[in-house]
Amino acid sequence: MKNIDSNSHLRGESIYLDDVPLVAGTLFAVAFGSPHAHGKITNLDLSQAEQMPGLVRIFTYKDVPGENQIGGIVPDEPLLAEHHVHFQGMPVVLVVAESVEEAKMALKKIKIDIEPLPIITDPRVAREKGELIVPPRTFKIGDVDTAWSQCAHIVEGIAETNGQEHLYIETQGAYTFPLENGSIRIISSTQGPTAVQRHAAICLGIPMHKLEVDVTRLGGGFGGKEDQASMWAILCALATYHLKKPVKYSLDRMEDMRMTGKRNPYSSDFKIGLDKDLKIIAYEATFHQNAGAAADLSPAVLERTLFHSTNSYFVPNVRATAYSCRTNLPPNTAFRGFGGPQGMFVIEAAIHKAAEIIGVPAWEIQSKNLIKTGDEFPFGQKAESEANQCWQTAKEIFQPEQIEKDIEKFNSENVLFKKGMSFMPICFGISFTKTPMNQARALVHVYTDGSIGVSTGAVEMGQSVNTKMLQVAAQIFSVDPDRIKIHSTNTFRIANTSPSAASATADLNGKAVEIACHAILARLKTITSEKFSVSINDISIVNEEVLIKGKPMNYNWLQLIQDGYLKRIALSEHGHYAPPGLHYDAKIEKGHPFAYHVYGTALTEVTVDCLRGTYVVDSVKIVHDFGTSMNFAVDRGQIEGGLVQGIGWMTLEEIVYDENGRLRSNALSTYKVPDIYSVPKNIDLHLLKTDKDNMAILKSKAVGEPPLMYGIGTYFALRNAVKAFNPDAEMAYSTPMTPEKVLMGLIGKLETNDAITK
Ligand code: MTE
Ligand code: HPA
Ligand code: MOS
């Protein structure tokens with residue numbers, strides 16, 4: 001089935017926040033962000049700003065009627081700064097005016113004096129100074145300390161991954177409306193409508209039932225709107241609360257880049273030990289997560305780094321410790337993969353470094369250590385593994401030995417161009433790692449004209465979850481999909497939603513839709529059984545026809561629904577779903593946190609231009625574990641998009657803060673994201689089809705985040721190509737692998753001229 005939004009997207013008719021028609025009297029908000037990364041506010045002078053034309057009012061923390069607090073996991077983040085600022089861009093006051101231009105003019109007249117305090121941007125420095133967001137956590141299995149003695153090879157090193165700007169096409173924003181009796185309607189570009197509602201209630205000091213948060217769709221979220229949409233929505237709500245007027249704030253691109261957090265950068269230490277047969281015997285890792293100035297989601301991201309620290313491998317002896325380090329940068333946050341990619345990069349670096357030192361291809365180590373069904377992850381869950389099936393299928397279809405030979409031949413025949421390849425197996429756990437978040441609800445109405453309205457807690461952000469929700473309802477009722485409408489995500493219709501995140505949205509909300517539809521269907525079958533005096537088990541509905549023992553009765557969906565109404569049965573149902581079997585005990589760091597894992601293998605080939613340091617990704621060949629895909633076009637879109645986003649993170653996207661905590665890469669001219677030229681010339685996608693995953697919606701496994709991690713393969717393929725030109729290249733395991741870094745690797749210690757002659 002086609003994505004239900006594609007026609008309106010193509011015609012530009014889909015409604016995003018900025019397309020909501022303006023209501024008369026709407027005011028416009030702009031936040032004034034701290035010009036310093038760390039300091040004490042000694043003076044704030046708003047007098048000139050308040051005289052500016054069009055200015056309506058300026059709000060400070062003193063105007064927050066409830067608690068001035070938006071921290072979700074740790075209460076460490078004020079809505080508006082009080083006496084201290086902790087990062088450049090931290091909102092200090094909110095300016096509200098009759099137009100955006102007037103608000104921005106007034107903003108320029110704000111005077112602030114800040115007494116500077118020391119600025120930390122490096123997570124290792126933060127750890128030394130004891131600046132931790134939460135206590136460190138350690139995952140353990142076996143006994144690493146004694147295991148080293150059984151190892152023939154022990155390799156240590158450092159691996160670093162940089163952050164990543166979400167660059168959702170639609171920036172952050174919100175539009176709020178006063179309702180009667182102090183209620184407020186909030187339209188927000190958020191992945192977490194309930195997070196917005198909950199924190200707006202805290203800040204405004206009013207009950208959640210007075211706050212209606214409504215989301216039609218997002219122009220992308222990628223994790224950046226899981227928690228960080230709340231700030232802008234609550235700021236607008238604050239202004240609406242006081243002024244009783246509609247208030248809108250839609251950030252411009254540079255504001256968004258400067259003021260919001262990104263993927264958490266990590267700096268990590270690793271030590272890996274292998275026996276003479278290349279079995280990984282022991283692995284130790286210490287992760288330093290750059291959390292930024294407040295917790296935001298970083299403690300949960302940290303946890304997922306540990307859950308994925310051994311990627312797709314079974315390692316009998318592991319000790320992995322992670323520190324969430326407080327720095328003076330905007331609070332970093334969720335980003336596709338949610339700490340998993342950061343953890344996986346480190347073990348991949350360890351394996352590739354070991355391979356280089358031992359003198360074997362990395363894929364020999366990778367293939368010998370893939371996790372098998374029944375093997376235990378360091379956190380106690382037993383694997384239901386498809387890792388070997390994916391790998392073997394990839395070997396059969398893609399013939400890597402031949403590719404390797406072809407690459408060797410090409411490299412021996414070419415001086416200024418070198419090719420490289422790499423394998424990247426993935427293994428990603430599906431479920432929120434916080435077990436209670438794994439629940440969802442759906443509200444299904446069947447109207448008397450036979451049309452169906454479905455509301456869930458799922459937020460559509462381009463991943464096509466609404467299409468999947470529609471497919472579930474259409475399949476259970478066996479009706480024409482055109483009869484079904486997926487409504488906006490609204491906290492008055494669906495309460496206590498988890499954010500649309502963790503790739504689990506379709507599973508959780510889809511199962512709630514299933515439950516609601518089955519309940520309505522059962523009632524419809526009951527009245528049918530009475531009408532025809534037949535057993536319920538003999539009744540089925542197929543393509544809108546009621547069948548008894550498979551035979552048509554000249555009785556269709558519309559007649560059935562009208563009878564249902566006359567018989568006064570409930571044609572609506574609220575379904576609730578909580579996946580069974582999940583548990584986790586953080587005290588011992590053991591449990592069964594994931595409903596299942598998604599596996600896959602990617603084989604990446606690149607060509608490096610050894611004169612320029614530039615490169616192309618020739619192909620990425622993937623075998624991906626889909627379960628039984630319910631919508632292959634949608635799932636393929638997720639895989640291609642995730643892959644290219646991963647390649648961007650690994651190669652081009654370079655976030656630069658200076659020592660004062662100022663974002664230097666603050667525009668699209670200084671921050672490069674993948675474009676059509678960065679897309680692999682060939683993406684060859686093969687399905688591994690299985691049907692055992694009953695925890696996945698219609699056995700169609702979650703697909704949102706896992707493919708991002710295929711992009712990690714590009715980093716190692718590039719390294720291998722550089723090594724083919726300059727075997728002595730000394731390159732830190734540090735991403736992104738920009739053309740500058742490639743060039744430095746190519747020339748290495750040689751003089752530039754020597755390199756060129758060579
Ligand atoms: N795809 C698009 N087009 N836009 C997005 O914002 N977010 C990703 C992924 N794919 C995203 C996307 C992230 S971070 C997650 S967690 C999942 O979609 C969330 O949706 P799902 O749970 O329905 O997979
Ligand atoms: N993934 C994504 N988002 C989350 C998670 C998770 O595991 N936990 C809390 N928010
Ligand atoms: Mo995705 S990072 O879980 O929003």
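Counting starts at 1 for both ligands and their atoms, in listed order.
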Verdict with supporting geometry, Arg263 and Glu653, salt bridge (charged side-chain N to carboxylate O under 4.0 Å, His left out) | CA-CA 11 Å; Arg263 184 189 289 283; Glu653 300 184 43; over 6 Å; no
Contacts table for ligand 2: protein N or O within a distance under 3.5 Å of ligand N or O, distances only.
unit_1: ligand 2; atom_1: 3 (N); unit_2: Glu226; atom_2: OE1; d: 3.1
unit_1: ligand 2; atom_1: 3 (N); unit_2: Glu226; atom_2: OE2; d: 3.0
unit_1: ligand 2; atom_1: 7 (O); unit_2: Arg304; atom_2: NE; d: 3.3
unit_1: ligand 2; atom_1: 7 (O); unit_2: Arg304; atom_2: NH2; d: 3.1
unit_1: ligand 2; atom_1: 7 (O); unit_2: Thr433; atom_2: N; d: 3.2
unit_1: ligand 2; atom_1: 10 (N); unit_2: Glu226; atom_2: OE2; d: 2.7

Report all N/O contacts between ligand 1 and the protein shorter than 3.5 Å as a table of atom names and distances to 0.1 Å; if there are none, say 'none'.
unit_1: ligand 1; atom_1: 1 (N); unit_2: Gln638; atom_2: NE2; d: 3.1
unit_1: ligand 1; atom_1: 3 (N); unit_2: Gly462; atom_2: O; d: 3.3
unit_1: ligand 1; atom_1: 4 (N); unit_2: Met461; atom_2: O; d: 2.8
unit_1: ligand 1; atom_1: 6 (O); unit_2: Gly221; atom_2: N; d: 2.7
unit_1: ligand 1; atom_1: 6 (O); unit_2: Phe222; atom_2: N; d: 2.9
unit_1: ligand 1; atom_1: 10 (N); unit_2: Arg336; atom_2: NH2; d: 3.3
unit_1: ligand 1; atom_1: 10 (N); unit_2: Gln638; atom_2: OE1; d: 2.7
unit_1: ligand 1; atom_1: 20 (O); unit_2: Gln463; atom_2: NE2; d: 3.1
unit_1: ligand 1; atom_1: 22 (O); unit_2: Ala504; atom_2: N; d: 3.3
unit_1: ligand 1; atom_1: 22 (O); unit_2: Thr505; atom_2: N; d: 3.0
unit_1: ligand 1; atom_1: 22 (O); unit_2: Thr505; atom_2: OG1; d: 2.5
unit_1: ligand 1; atom_1: 23 (O); unit_2: Gln463; atom_2: NE2; d: 3.2

I'd like the atom pairs linking ligand 3 to the protein - N or O on both sides, separation under 3.5 Å - with distances to 0.1 Å.
unit_1: ligand 3; atom_1: 3 (O); unit_2: Ala502; atom_2: N; d: 2.7
unit_1: ligand 3; atom_1: 3 (O); unit_2: Glu705; atom_2: OE2; d: 3.3
unit_1: ligand 3; atom_1: 4 (O); unit_2: Gln191; atom_2: NE2; d: 2.8
unit_1: ligand 3; atom_1: 4 (O); unit_2: Gly223; atom_2: N; d: 3.4

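Counting heavy atoms from C-beta outward, Gln172 and Thr260 have side chains that approach closer than 4.5 Å. Using a 4.5 Å heavy-atom threshold, the side chains of Arg326 and Ile133 count as touching. No side-chain heavy atom of His166 sits less than 4.5 Å from a side-chain heavy atom of Asp256. The shortest side-chain heavy-atom distance between Gln191 and Met461 falls under the 4.5 Å cut-off.
In this pair, Phe626 and His624 present their aromatic rings perpendicular. The plane angle is above 60°, beyond the 30 to 60° band. Note on ring orientation: taking the six-membered ring where Trp is involved, the planes of Tyr266 and Phe287 are perpendicular (angle over 60°, cut-offs 30° and 60°).
Between Phe307 and Phe594, the ring center distance clears the sub-6.0 Å criterion.
Among residues at least two apart or in separate chains, there is no salt bridge (Lys or Arg N to Asp or Glu O under 4.0 Å) pair with a member in residues 498-513.
We find that Glu705 and Arg336 are not joined by a salt bridge, their nearest charged nitrogen and carboxylate oxygen being 4.0 Å or further apart.
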